[in-house]
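Each chain gets a letter, A, B and so on, in the order the sequences are listed, and its residues count up from 1.
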Number of protein chains: 2
Amino acid sequence: MSDRIVTTSVQRAELAKRTGSNLETVRYYEKAGLMPEPQRNRSGYRIYGDYHIRRLRFILRARELGFTLEEVRGLLALVDGGHQTCAEVQARTERHLADVRAKIADLKRIERVLAKTTSACSGLDVPDCPILETLNSERTIRRRAK
Amino acid sequence: MSDRIVTTSVQRAELAKRTGSNLETVRYYEKAGLMPEPQRNRSGYRIYGDYHIRRLRFILRARELGFTLEEVRGLLALVDGGHQTCAEVQARTERHLADVRAKIADLKRIERVLAKTTSACSGLDVPDCPILETLNSERTIRRRAK
DNA sequence: GTAGGGTCTGTAGTAACTACAGACTCAAGA
DNA sequence: TCTTGAGTCTGTAGTTACTACAGACCCTAC
């Protein structure tokens, strides 16, 4: 009785629902090559099993962590190769972490300028405004080069 | 002699160069309705004066501060109306500042997860990897709802 | 006159989705 | 059985904010 195997068979919308994603995104990832094409039923409907559920979860988690699709593709290639190493995954993740930190630094810069100018703002019904002065001035902020 | 008025007349690429922007972006902003269409010379070349230089600078500064084009459009409408108030500008800027802070919070969340998992990573040539475990797990991170 | 570089307009591509439309499928209800 | 409404399919297009390319025209130095 315990050797009964319960396999999952869900359609696209159900897959999206189970993974907290969007059904169109599922198709998009398939088109992008991140999700392998699943089996189909007689009507041509996609039928997903456990493998696809796991795979999609991986992709979604990585996206949530801010990895680009290309970066996700790289991680998947490591995993798919079957001989990923902790070292390689770590290298990629640290690169990504550095990007995240750079973005934070950028946003903090912006936050500082905004906070400073709004606090200098009288908030009155007057036409003079430090914020507009900032926007009208020569370059005052620095952003990380793209 | 001091009543000599020097007016600026530059073409698109020069305008972009003077403002540190991209000549295609200039056209894009015109198409988007943020930059009024300038005068043209006999050949049909756009000729920009001081007004346009100032206007483009405003837009670029606002973009650097992370305002969306729609938000910039709103700020410009205030300025163009000629009776902007410090109160209204401040309200919009504070809304935007709140967005920036939310983004920072999001990224910090991501940073925390990434830093934690990479530090747990042995960095060795082994197949076990906490980062992949994180990506393979059920939802572990929370993001601000879009 | 020629050549090379600049400007024009229009269109398309990028990244990462998201939505829509017409055609087909499915299942419940009359 | 037929109808209806919802679901799935494929293909295409739209969003945001750019960026690039192509063919046609303009400009200037040689």
Side-chain angles (χ1 to χ4, degrees), chain A residues 9-35 37-48 52 56 58-76 96 99-100 103 106 110 143-146, chain B residues 9-35 37-48 52 56 58-76 96 99-100 103 106 110 143-146:
Chain A
S9 294
V10 294
Q11 291 176 9
R12 188 163 53 112
E14 180 62 27
L15 173 67
K17 187 176 162 191
R18 290 191 182 195
T19 55
S21 62
N22 179 308
L23 83 172
E24 299 288 0
T25 308
V26 172
R27 204 161 63 105
Y28 175 72
Y29 288 162
E30 179 188 306
K31 183 91 185 276
L34 299 181
M35 285 285 281
E37 242 193 277
Q39 306 252 34
R40 306 273 184 134
N41 68 11
R42 198 169 346 185
S43 315
Y45 289 15
R46 293 172 175 81
I47 302 297
Y48 297 98
H52 279 91
L56 182 57
F58 183 99
I59 296 165
L60 294 168
R61 293 299 90 73
R63 287 290 304 122
E64 280 172 1
L65 288 175
F67 288 96
T68 63
L69 288 192
E70 272 316 299
E71 285 166 339
V72 175
R73 199 192 302 281
L75 291 172
L76 288 171
H96 177 54
D99 279 349
V100 171
K103 279 180 194 143
D106 261 2
I110 291 172
R143 291 198 77 175
R144 172 172 167 262
K146 189 167 213 167
Chain B
S9 295
V10 293
Q11 291 174 12
R12 188 162 53 110
E14 181 63 25
L15 174 66
K17 188 178 162 190
R18 289 191 182 196
T19 54
S21 63
N22 180 309
L23 84 171
E24 298 289 358
T25 308
V26 173
R27 205 161 63 106
Y28 174 73
Y29 288 163
E30 178 186 306
K31 184 91 187 279
L34 299 182
M35 286 285 280
E37 241 192 278
Q39 306 251 33
R40 307 275 185 132
N41 67 10
R42 195 170 351 189
S43 317
Y45 288 17
R46 292 170 174 81
I47 303 297
Y48 298 96
H52 278 93
L56 181 56
F58 185 100
I59 296 165
L60 293 169
R61 292 301 89 73
R63 286 290 303 123
E64 281 172 358
L65 288 176
F67 288 95
T68 64
L69 288 192
E70 272 316 301
E71 285 167 340
V72 175
R73 198 190 305 281
L75 291 172
L76 288 170
H96 177 54
D99 279 349
V100 170
K103 280 181 194 143
D106 261 0
I110 291 172
R143 294 197 73 175
R144 173 172 168 261
K146 193 167 210 166

What is the nucleic acid contact for Ala32(A), judged by heavy atoms within less than 4.0 Å: base, sugar-phosphate only, or nothing? nothing

What integer distance in Å separates [X]:[atom1] from [N]:[atom2]?
X: Ile47(A); N: dC26(C); atom1: CD1; atom2: C1'; value: 13 Å
X: Leu60(B); N: dA17(D); atom1: CG; atom2: C1'; value: 13 Å
X: Asn22(A); N: dT8(D); atom1: CG; atom2: C1'; value: 14 Å

Just N and O in the side chain of [X]: are any of them under 4.0 Å from OP1 or OP2 of [N]?
X: Thr25(A); N: dT18(C); result: yes
X: Tyr28(A); N: dA19(C); result: no
X: Arg46(B); N: dT7(C); result: no
X: Arg12(B); N: dG6(C); result: no
X: Arg73(B); N: dT16(D); result: no

With the side chain of [X] defined as its heavy atoms from C-beta on, choose the nearest nucleotide among [options].
X: Leu23(A); options: dT8(D), dC18(D), dT11(C); result: dT8(D)
X: Arg27(A); options: dT12(D), dT18(C), dC18(D); result: dT12(D)
X: Arg40(A); options: dT10(D), dT7(C), dA16(C); result: dT10(D)
X: Glu24(A); options: dC8(C), dC17(C), dA19(C); result: dA19(C)
X: Arg63(A); options: dA16(C), dC8(C), dT19(D); result: dA16(C)

Whether [X] side chain and [Y] backbone form a donor-acceptor pair below 3.5 Å:
X: His96(B); Y: Leu65(B); result: yes
X: Arg27(A); Y: Lys31(A); result: no
X: Thr25(B); Y: Ser21(B); result: no
X: Arg61(A); Y: Leu56(A); result: no
X: Arg12(A); Y: Ala16(A); result: no

Under 3.5 Å, which N/O atoms of the protein pair with N/O atoms of nucleotides 23-27 of chain D?
residue	atom	partner	partner atom	Å
dC26(D)	O4'	Tyr45(B)	OH	3.4
dC26(D)	O3'	Ser43(B)	OG	2.6
dC27(D)	OP1	Ser43(B)	OG	2.1

Do the non-hydrogen side-chain atoms of Ser9(B) and Gln39(B) ever get within less than 4.5 Å of each other? no

Look at the side chain of Gln11(A) against the base of dC9(D) and say whether a donor-acceptor pair falls under 3.5 Å; ignore hydrogens and angles. no

